[in-house]
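Here is the structure we will look at, set down as structure tokens.
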Amino acid sequence: MWMLVPVSFTLKLLSAFLQPLGSLWSSLRALLPRLRAAFWLAGGKKSQQQRGRRKPRETSREDEEDRDLPITPTSVNYHFTRQCNYKCGFCFHTAKTSFVLPLAEAKRGLLLLKEAGMEKINFSGGEPFIHDRGEYLGQLVKFCKRELQLPSVSVVSNGSLIRERWFQNYGEYLDILAISCDSFDEQVNVLIGRGQGNKNHVENLQKLRTWCKNYRVAFKINSVINRFNMDEDMKEQIKALNPIRWKVFQCLIIEGENSGEDALREAGPFVISDEEFEAFLDRHKDVPCLVPESNQKMRDSYLILDEYMRFVNCRNGRKDPSTSILDVGVEEAIKFSGFDEKMFLKRGGKYVWSKADLKLDW
């Protein structure tokens with residue numbers, strides 16, 4: 001038999017029911033990144049890998065003709081170490097060796113590159129500040145600016161090991177410092193692999209921004225857009241930090257590095273579609289310093305040297321090394337780099353990259 005319940009009593013019951021639901025939703029919202037991680041790590045691994053892999057680029061007649069033309073190493077990325085203190089799940093240059101060239105040999109290779117036409121050198125890793133507490137890197141930066149007089153010397157780092165003393169010793173020789181920051185949510189950074197105990201990656205970013213201003217080093221941010229940060233809105237934080245460039249990369253699969261049986265990482269759970277990447281870009285289209293790089297733009301448009309100073313060719317979705325420039329010279333080794341100079345220019349690889357020309361308000 002139906003009974004009529006007074007309205008006031010009904011509202012009290014409803015309020016009592018909704019109140020714990022509100023606190024429950026707040027708790028669940030904080031756990032959403034972890035739930036998403038668990039879902040992607042637990043199932044669908046095979047389909048994720050297939051989705052993340054891009055078909056090897058087909059070689060056209062035009063490509064064959066371009067390959068016969070001499071390549072000038074205008075801008076070179078030297079990954080002199082593979083070691084790192086972070087464990088980013090999508091890393092595509094992993095700690096497969098601990099080798100680092102003797103300083104004199106590294107300098108010899110850099111001189112060869114300068115003689116072949118290099119204008120910009122970017123030091124990366126791994127984490128470049130991990131070897132010899134940044135002193136090895138500092139000596140290379142100083143050598144390239146003072147001895148080789150390169151227009152641009154830059155470094156890409158996660159920022160966690162940089163100390164102010166390094167800026168005091170080497171800041172005058174460095175044009176650009178790029179810091180990797182994939183999220184302004186510390187929980188997401190932990191999921192990605194950028195967590196380090198009690199250290200806060202985002203707080204450290206602000207400190208580095210201040211040091212760059214104090215020691216007159218142009219500040220840049222690199223972000224890899226992936227499954228766990230693709231819905232984030234970073235507009236306000238990026239505008240507040242005001243980098244000269246915000247490089248936004250689509251998570252990239254490289255066989256043998258972050259995919260496959262012999263890989264140290266499994267990037268499948270991090271991969272996003274082209275449409276998801278475009279949605280992120282559209283959300284941030286009003287950020288003036290945004291420089292987007294899809295998988296298509298990234299793969300062949302970088303001249304990359306590994307720890308042995310070998311050019312690595314990524315055209316087939318993996319890293320195929322040349323012979324070292326220390327053994328055969330730059331002109332011979334670069335023939336096997338797979339470098340697409342047209343795409344390098346198309347993605348904006350050539351820009352105002354010397355701090356003397358940037359005319360920044362320090």
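FYI, side chains are in, hydrogens and waters are out, and symmetry mates aren't considered; it's all heavy atoms of this structure.
Checked by atom type and distance alone, the side chain of E232 never pairs as donor or acceptor with a backbone atom of S183 at under 3.5 Å. Without hydrogens or angle criteria, E307 side chain to F80 main chain gives no donor-acceptor distance under 3.5 Å. E119 contributes no side-chain N or O that, together with a main-chain N or O of P151, makes up a donor-acceptor pair within less than 3.5 Å. Formation of a donor-acceptor pair under 3.5 Å by the E332 side chain with backbone atoms of G329 is not found in this model.
Shortest non-hydrogen contact noted between D182 and M234 is O-CE, 3.1 Å. Here the closest non-hydrogen pair linking E105 and L101 is CB-CD2, 4.2 Å.
E255 and N316 share no donor-acceptor pair across their side chains, judged by distance under 3.5 Å alone. With no hydrogens or angles considered, a side-chain donor-acceptor pair links S223 and W246 at under 3.5 Å. Residues N229 and D185 bring no donor and acceptor atom of their side chains to less than 3.5 Å of each other. Using modelled atom types, one finds a donor on one side chain and an acceptor on the other under 3.5 Å when comparing N158 with E127. With 3.5 Å as the limit, one finds no donor-acceptor pair spanning the side chains of K350 and S75. Side-chain atoms of S98 and Q83 include no donor-acceptor pair closer than 3.5 Å. Between N313 and S322, the side chains place no donor N or O within less than 3.5 Å of an acceptor N or O (distance only, hydrogens not considered).
With respect to E147 and K107, no salt bridge is recorded, no charged nitrogen being found less than 4.0 Å from a carboxylate O.
Counting heavy atoms from C-beta on, the side chains of L150 and K120 never come closer than 4.5 Å.
Here F184 contributes atom CZ and K235 contributes atom NZ; the two are 12.5 Å apart, rounded to the nearest 0.5 Å. Note that CZ of F228 and CG of L191 are 6.0 Å apart. Values are rounded to the nearest 0.5 Å. Taken to the nearest 0.5 Å, the OG atom of S301 stands 11.5 Å off from the CD atom of E341.
Relative to the six-membered ring of F90, R265 misses at least one condition, a distance below 6.0 Å or an angle of at most 45° to the axis. Cation-pi check for R347 over Y302 is met; the charged atom lies under 6.0 angstrom from the ring centroid and within 45 degrees of its normal.
Listed by first then second residue, pairs satisfying ring pair (Phe, Tyr, Trp, His ring centres under 6.0 Å) with a partner in residues 249-268 number zero, not counting sequence neighbours.
In the hydrophobic cluster analysis, where Ile, Leu, Val, Met, Phe, Trp and Tyr join through side-chain heavy atoms closer than 4.5 angstrom, F280 is grouped together with I221. Side-chain heavy atoms closer than 4.5 Å link hydrophobic residues (I, L, V, M, F, W, Y) into clusters, and following such links, even through other members, never connects L326 to V328.
Qualifying side chain to side chain contact (heavy atoms under 4.5 Å, CB included) partners for S337, counting only residues two or more places apart in sequence or in other chains: I71, L303, F311, I334, F339. A search for side chain to side chain contact (heavy atoms under 4.5 Å, CB included) contacts involving E164 returns Q168, W211, Y215, not counting sequence neighbours.
Between W166 and F129, the angle of the ring planes goes over 60°, which puts this pair in the perpendicular group of the 30/60° scheme.
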